[in-house]
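Written out below as structure tokens is the structure these notes cover.
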Amino acid sequence: MNNFIGGLIEKMRAIGIDAVLVKGQGVAQCYKRPLWRSSGDIDLLLSEENFHKAREFLRPLTKNGFDPVFEQARNISAQVSLWEIELHDNQFCGLSNRVDLVIKEIQDDIFFCGNVRSWMNGKTPVFLPGINNDILFVFTHFLKHFFKGGLGLRQICDWCRLLWTNRSSIDYDLLGNRLRRMGLLSEWRAFGYYAVNFLGMPEEAMPFYITTKRWGKKAVLINCFLLEVGNMGHNRDNSYYGKSSFFVRKVMSYNRRVLDLCRHSRIFPVDSVKFLIRITSNGVIDYFNKVGYRDLRNASDN
């Protein structure tokens, strides 16, 4: 995968496409043995202009092309050779406007201020988000999975390794300011307590860590949820995805998310309600956008 990423970045760069590698193999470099981290997809963050260029660059290379329903999406995936590549023009998590507004600022800091760091992948420099930006990309990404269905333990470990490896480079004032503006300081402290007391993260390397029973109780509930649903929801019955209509799949997924958010309200009571409202509105909009596209396509075919 590292070899493929190096070649892909060089080819894209040669035709004027600049991309930032997020999560995945970039975060893996924070581990003592990067090649021991299990690989996933290749996620590339691009400006709007580069996003369109990259989509056209990948189009002839994909095995099955792009799903036409997602052709105009701002986050699309394609399989090239053995690898799944995801192109993103944003890292929004869709939990609240407060969160996404700060993420927009972080993206602007990357695209317009050039706040990136570099990973020397063989002979190819690969751009990664600046450390203060990367921390919040990783944190909000796994938080999205926590509230929307299935969280992987590896995602929390990525966050811990990122914090530990770069502990002397973190701007704690900036991090605290952003978390407060996002309204996510409670989530940070609860998962921080979980990381320290369940995963062995050194206390001194976890920003804003507080040792009280309140956060301990939240961490226990987080652990129970993770163990029950399994890695990225592995223990859950998702067989309906392969045998149900699009509408039925959406309804069943939504019901599961509502039940999860009711459960998470024991940990984050206020935010669970706020996030449910946003998740519901996003789901309705997404459904009608896709149904509308299919209806339009069928009409044009007829």
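Of the inter-residue distances, the one linking Leu175 atom CG with Arg180 atom CZ reads 9.0 Å to the nearest 0.5 angstrom. Separation of atoms OG (Ser39) and CZ (Arg37) is listed at 7.0 Å; rounding is to 0.5 Å. The line from CG of Leu87 to CZ of Phe51 is 6.0 Å long, rounded to the nearest 0.5 Å. Of the inter-residue distances, the one linking Phe191 atom CZ with Cys160 atom SG reads 11.0 Å to the nearest 0.5 angstrom. The CD1 atom of Ile76 sits 10.0 Å away from atom CD of Glu86, with the distance rounded to the nearest 0.5 Å. In this structure, Met12 CE and Phe57 CZ are separated by 6.5 Å, a value rounded to the nearest 0.5 Å.
Using a 4.0 Å cut-off between charged nitrogen and carboxylate oxygen, Asp100 and Lys104 do not count as a salt-bridge pair. For the pair Glu228 and Arg263, the salt-bridge criterion is met [side-chain N within less than 4.0 Å of a carboxylate O].
Leu227 and Leu259 fall into different hydrophobic clusters, where Ile, Leu, Val, Met, Phe, Trp and Tyr side chains are chained together by heavy-atom contacts under 4.5 Å. By the rule that hydrophobic residues join a cluster once side-chain heavy atoms approach within less than 4.5 Å of another member, Leu174 and Leu185 end up as members of separate clusters. In the hydrophobic clustering of this structure, Leu35 does not group with Met120; members are Ile, Leu, Val, Met, Phe, Trp, Tyr whose side-chain heavy atoms approach within less than 4.5 Å, directly or through other members. Each of Val273 and Phe275 belongs to its own hydrophobic cluster when Ile, Leu, Val, Met, Phe, Trp and Tyr are linked at side-chain heavy-atom distances under 4.5 angstrom. The hydrophobic cluster containing Trp164 does not contain Trp36, counting ILVMFWY residues as joined when their side-chain heavy atoms lie under 4.5 angstrom apart, directly or transitively.
Residue His52 is tested with Glu48, Glu56, Glu49 for a side-chain contact (heavy atoms from CB on, under 4.5 Å); the sole match is Glu48. Evaluated for a side-chain contact (heavy atoms from CB on, under 4.5 Å) with Val99, the options Val102, Ile103, Leu101, Asn97 yield exactly one hit, Ile103. Tested against Trp188, the residues Tyr209, Trp159, Tyr193 include a single ring-ring contact (aromatic ring centres under 6.0 Å, His included) partner, Trp159. The side-chain hydrogen bond (donor to acceptor under 3.5 Å, both in side chains) with Gln25 is formed by just one residue from the set Asn2, Asp43, Asn121, Asp41; it is Asn2.
In this structure the side chain of Ile267 never reaches within 4.5 angstrom of the side chain of Phe225, judged on heavy atoms. The shortest side-chain heavy-atom distance between His264 and Glu187 does not fall under the 4.5 Å cut-off. Within the 4.5 Å cutoff, side-chain heavy atoms of Gln79 are placed close to those of Glu84. No side-chain heavy atom of Phe111 sits under 4.5 Å from any side-chain heavy atom of Asn50.
Within a 6.0 Å radius of CZ in Arg181, other residues, nucleotides and ligands contribute more than 12 heavy atoms.
Closest approach of Asn90 and Gln107 over heavy atoms only: CA-OE1, 3.1 Å. Nearest heavy atoms, Arg154 versus Ser38: NH1-O, 2.7 Å. Residues Cys30 and Arg161 share a closest heavy-atom pair of O-NH2, 2.9 Å. In this structure, Leu226 and Tyr194 approach most closely via the heavy-atom pair CD1-OH, 3.4 Å. When all heavy atoms of Gly16 and Lys53 are compared, the pair lying nearest together is O-NZ, 3.8 Å. Listed here is the closest heavy atom pair of Leu58 and Val80: CD2-CG2, 4.1 Å.
Side chain of Thr62 to backbone of Arg59: a donor-acceptor contact under 3.5 angstrom is found.
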Please set out all donor-acceptor pairs under 3.5 angstrom arising from side-chain atoms of residues 126-152, sequence neighbours excluded.
unit_1: Asn132; atom_1: OD1; unit_2: Asp171; atom_2: N; d: 2.8
unit_1: Asn133; atom_1: OD1; unit_2: Arg178; atom_2: NH1; d: 3.0
unit_1: Asn133; atom_1: OD1; unit_2: Arg178; atom_2: NH2; d: 3.2
unit_1: Asn133; atom_1: ND2; unit_2: Asp109; atom_2: OD2; d: 3.1
unit_1: Asp134; atom_1: OD2; unit_2: Arg117; atom_2: NH1; d: 3.0
unit_1: Asp134; atom_1: OD2; unit_2: Arg117; atom_2: NH2; d: 3.2
unit_1: Thr140; atom_1: OG1; unit_2: Leu136; atom_2: O; d: 2.6
unit_1: Thr140; atom_1: OG1; unit_2: Phe137; atom_2: O; d: 3.4
unit_1: His141; atom_1: NE2; unit_2: His145; atom_2: NE2; d: 3.2
unit_1: His145; atom_1: ND1; unit_2: Gly150; atom_2: O; d: 3.4
unit_1: Lys148; atom_1: NZ; unit_2: Cys93; atom_2: O; d: 3.0

Would Lys274 and Ser96 count as a side-chain contact (heavy atoms from CB on, under 4.5 Å) here? Give the steps. CA-CA 7 Å; Lys274 291 180 180 178; Ser96 75; 5.8 Å; no
Verify side-chain contact (heavy atoms from CB on, under 4.5 Å) between Ile106 and Gln91, making sure each step is shown before the conclusion. CA-CA 9 Å; Ile106 292 172; Gln91 285 291 288; over 6 Å; no
Where do Thr165 and Tyr31 land on the side-chain contact (heavy atoms from CB on, under 4.5 Å) test, with the steps shown first? CA-CA 8 Å; Thr165 305; Tyr31 284 79; over 6 Å; no
